[in-house]
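The structure appears below as structure tokens.
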Amino acid sequence: MKVGLPKGTRDFLPIELAKRKWMFGIIEEVFKTYAYVPIETPVMENLSTLTGKYGEEGDRLLFKVLNNGDYLSKSDDQAYQSKDSNSFTTSISKRGMRYDLTVPFARYVVMHRNDISLPFKRYQIQPVWRADRPQKGRYQEFYQCDVDVVGSKSLSYEAELIQIYDDVFARLNIPVIIRLNHRQLLSGIAGIAGIGDQWLEMTMAIDKLDKIGEEGVRKELTERGIAEKAQDKIFDFLAQKDLASFRSLILNDPQVLASLGEVEKVFAYLENLNLKNQLQFDITLARGLGYYTGCIFEVTAVDAEMGSLGGGGRYDNLTGVFGWPDVPGVGISFGAERIYDVLEAKGLFPADLQNGPKVLVAAFDEVSHLYAFKCVSKIREAGIAADLYPDPGKLKKQFKYATDLGCAYIAIVGDEEMQNNTLNLKDLTSGEQDSLTIEEIIQRLK
RNA sequence: GUGGAUGUAGCUCAGCUGGUUAGAGCGCUAGAUUGUGGUUCUAGAGGUCGUCGGUUCGAAACCGAUCUUCCACCCCA
């Protein structure tokens with residue numbers, strides 16, 4: 001039997017999991033501090049809940065779950081004959097695996113609207129699945145950490161979420177740039193440039209400005225059928241680096257003015273609050289997911305070659321498709337795998353992440369092994385992680401096992417120790433050792 | 001989904017234009033050392049050369065398919 005893993009998925013070693021838990025712990029702690037509560041949703045959703053929410057591209061990346069039973073006899077034979085994969089798929093698959101945490105959350109809010117009170121602030125740390133082609137920092141199974149609040153239009157939440165980004169990355173010691181933009185500012189620019197109906201295409205093109213430059217963006221805009229005159233107008237706006245100069249370009253377009261006012265208000269909330277990371281208004285920031293309607297965010301590491309470490313935005317009508325219109329919401333997501341990779345690359349995990357027991361007890365012979373078993377029990381009763389090596393005898397083996405496991409101490413028991421009612425406790429890092437009673441050891445290891 | 005690279009011991013990698021029994025370092029196991037790990041020395045184990053098929057007297061090497069990983073797109077965390 002040849003063993004292997006589906007592509008884009010991974011196992012985690014004990015030390016890796018210790019690091020991940022440390023990272024998730026910090027993120028979760030910040031979420032709780034800002035008064036968000038945890039929820040969970042199932043791995044699978046009805047396919048109808050997921051399809052159409054992420055655009056055509058997203059539908060292609062959805063993992064579908066094959067129906068149980070004799071699914072072929074109930075399949076759409078006509079779709080099969082005409083090689084229509086989409087129709088055929090829906091006839092043999094009614095469930096899919098979650099693609100992100102936001103859409104399932106929207107479904108959750110609608111279904112539990114009588115059990116939650118608005119504004120509802122929740123966080124959710126769970127894996128999601130995408131049938132994307134894997135690359136570095138890009139997997140088919142990966143964790144997202146989402147914080148969202150639904151049921152309020154207050155821009156104080158935008159400010160709060162920026163604070164959460166700032167707080168988490170400061171605690172993780174990763175310097176980041178938090179970029180902020182507004183979706184309607186983008187559509188407003190498109191309107192002023194006379195291409196209001198093509199604003200989404202414009203957005204996708206200018207999103208790449210830092211990657212392909214002005215020339216590249218212009219080329220792409222031309223390919224998308226946007227006239228040169230309109231392009232010039234667009235680039236007038238893109239050249240503006242701050243809000244004030246941006247404002248001077250907007251004549252009297254009420255929609256754009258209002259959006260700009262929203263961005264300004266977010267900055268006003270954060271004024272004098274001493275963010276530890278850089279917050280930047282960036283008119284070129286665009287985010288793919290179709291459902292954002294207001295402010296949008298993205299976080300990138302200052303000095304690491306890694307895509308975005310997180311993103312989010314305001315979606316004023318996400319629950320509408322599930323039958324509950326006009327519930328505004330805003331949220332952000334942390335990309336756990338990428339943050340992990342940055343932490344690893346920069347050596348930012350604490351060195352003392354304890355993944356093994358605090359102490360390993362080593363016995364010298366069968367008689368002392370019986371005694372050692374009772375010692376381990378007492379240490380465990382005191383709430384200290386302790387283990388007993390199963391085979392008495394060779395100390396070399398027991399030492400090696402203790403080191404490999406990451407134990408801080410080893411406690412050796414032989415004739416001498418049994419007579420004196422002690423154990424020989426050795427600090428594996430410093431090499432110091434003492435003869436101590438069980439009580440003294442518990443005191444020392446607490 | 002498109003284009004391109006990659007795969008040899010647990011890990012990192014050698015292996016010439018196809019030619020005896022496929023190597024090294026690290027790691028692993030045992031011993032030196034029957035009350036002390038990390039250092040040192042000695043010995044040892046470990047490979048269907050990603051998989052399947054083809055070309056050839058002969059394939060780790062050449063060709064095809066497939067899978068994995070990686071890179072650039074697309075998109076995204």
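Since this is a predicted model, take the numbers as computed values, not measurements. In what follows, chains carry the letters A, B, and so on, assigned in the order in which the sequence lines appear, proteins first and then strands, with residues in each chain numbered from 1.
Checked by atom type, the side-chain pair A:Asp148/A:Tyr315 shows a donor-acceptor distance below 3.5 Å. A donor and an acceptor atom, one from each side chain of A:Tyr401 and A:Asp387, are nowhere located under 3.5 Å apart. No hydrogens or angles considered: a donor-acceptor pair under 3.5 Å links the side chains of A:Thr222 and A:Gln231. Under 3.5 Å, the side chains of A:Gln184 and A:Thr293 contain no donor-acceptor pair of N or O atoms.
In this structure, A:Lys7 atom NZ and B:C70 atom C1' are separated by 13 Å, rounded to whole Å. Spacing between atom CG of A:Leu101 and atom C1' of B:A77 amounts to 11 Å, rounded to whole angstrom units. One can place CD of A:Gln124 at 15 Å from C1' of B:A77, the figure rounded to the nearest angstrom. Going from atom CG of A:Asp434 over to atom P of B:G35 covers 21 Å, rounded to whole Å. As rounded to whole Å, 18 Å separates atom P of B:C76 from atom CD1 of A:Ile332. In this structure, A:Arg10 atom CZ and B:U69 atom P are separated by 11 Å, rounded to whole Å. Rounded to a whole Å, the CD atom of A:Gln144 is 12 Å from the P atom of B:C76. The distance from atom CG of A:Leu285 to atom C1' of B:C76 is 13 Å, rounded to the nearest whole Å.
Partner of A:Phe334 under the ring pair (Phe, Tyr, Trp, His ring centres under 6.0 Å) criterion, out of A:Tyr123, A:Phe31, A:Tyr143, A:Phe142: A:Phe31 alone. With A:Glu344 as the fixed residue, the salt bridge (charged side-chain N to carboxylate O under 4.0 Å, His left out) test singles out one of A:Lys19, A:Lys136, A:Arg338: A:Lys19.
As judged by a 4.0 angstrom heavy-atom cut-off over every strand, A:Gly312 is placed among residues making no nucleic acid contact. Nucleic acid contact class of A:Glu416 (heavy atoms, under 4.0 Å, all strands): base.
Comparing B:A32 with B:U68, their P atoms sit 48 Å apart, to the nearest whole Å. The same atom, C1', is picked in B:A14 and in B:A24; the two are 7 Å apart, to the nearest Å. Nucleotides B:G23 and B:U40 are separated by 26 Å at their P atoms, to the nearest Å. A gap of 37 Å separates the P atoms of B:U48 and B:U33, to the nearest Å. As rounded to the nearest Å, B:U8 and B:G15 have P atoms that lie 14 Å from one another. Between the C1' atoms of B:U12 and B:U51, the separation comes to 23 Å (whole Å). A gap of 14 Å separates the C1' atoms of B:A60 and B:C16, to the nearest Å. B:C71 and B:C13: their P atoms are spaced 14 Å apart (whole Å).
Taking only side-chain nitrogens and oxygens, A:Lys208 comes nearer than 4.0 Å to OP1 or OP2 of B:C75.
Taking the six-membered ring where tryptophan is involved, the planes of A:Phe349 and A:Tyr340 are tilted, since the angle between them lies from 30° to 60°.
The structure places OG1 of A:Thr203 at 9.0 Å from CD1 of A:Ile234, a figure rounded to the nearest 0.5 Å. Between A:Asp282 atom CG and A:Asn181 atom CG the span is 6.5 Å, to the nearest 0.5 Å.
In summary, the aromatic rings of A:Trp129 and A:Tyr99 are positioned with their centroids too far apart to meet the 6.0 Å limit.
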What string of B, S and - do you get for nucleotides 36-45 of chain B, 5' to 3', when a contact is any protein heavy atom under 4.0 Å? BBB-------

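A cation-pi arrangement is found for A:Arg10 relative to A:Tyr139, the charged atom lying closer than 6.0 Å to the ring centre and inside a 45° cone about the ring normal.
Listed by residue number, the members of residues 134-142 of chain A with any heavy atom below 4.0 angstrom from RNA chain B are A:Gln135, A:Lys136, A:Gly137, A:Arg138, A:Tyr139, A:Phe142.
By the neighbour-count criterion of 12 heavy atoms within 6.0 Å, atom CD of A:Glu40 is sparsely surrounded, having that number or fewer from other residues, nucleotides or ligands.
Looking at the side chain of A:Arg133, the nearest of the listed nucleotides B:G3, B:A77, B:C75 is B:G3.
A salt bridge links A:Arg122 to A:Asp146: at least one charged side-chain nitrogen sits closer than 4.0 Å to a carboxylate oxygen.
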Fill in the dot-bracket string of RNA chain B, one character per base: . for unpaired, | for a pair to another strand, ( ) or [ ] for pairs within the strand, taking Watson-Crick or G-U pairs under 3.5 Å. (((((.(..((((.....[...)))).(((((.......))))).....(((((..]....)))))).)))))....

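Both A:Lys394 and A:Ser308 sit near RNA chain B, but only A:Lys394 has its closest nucleotide nearer the 5' end.
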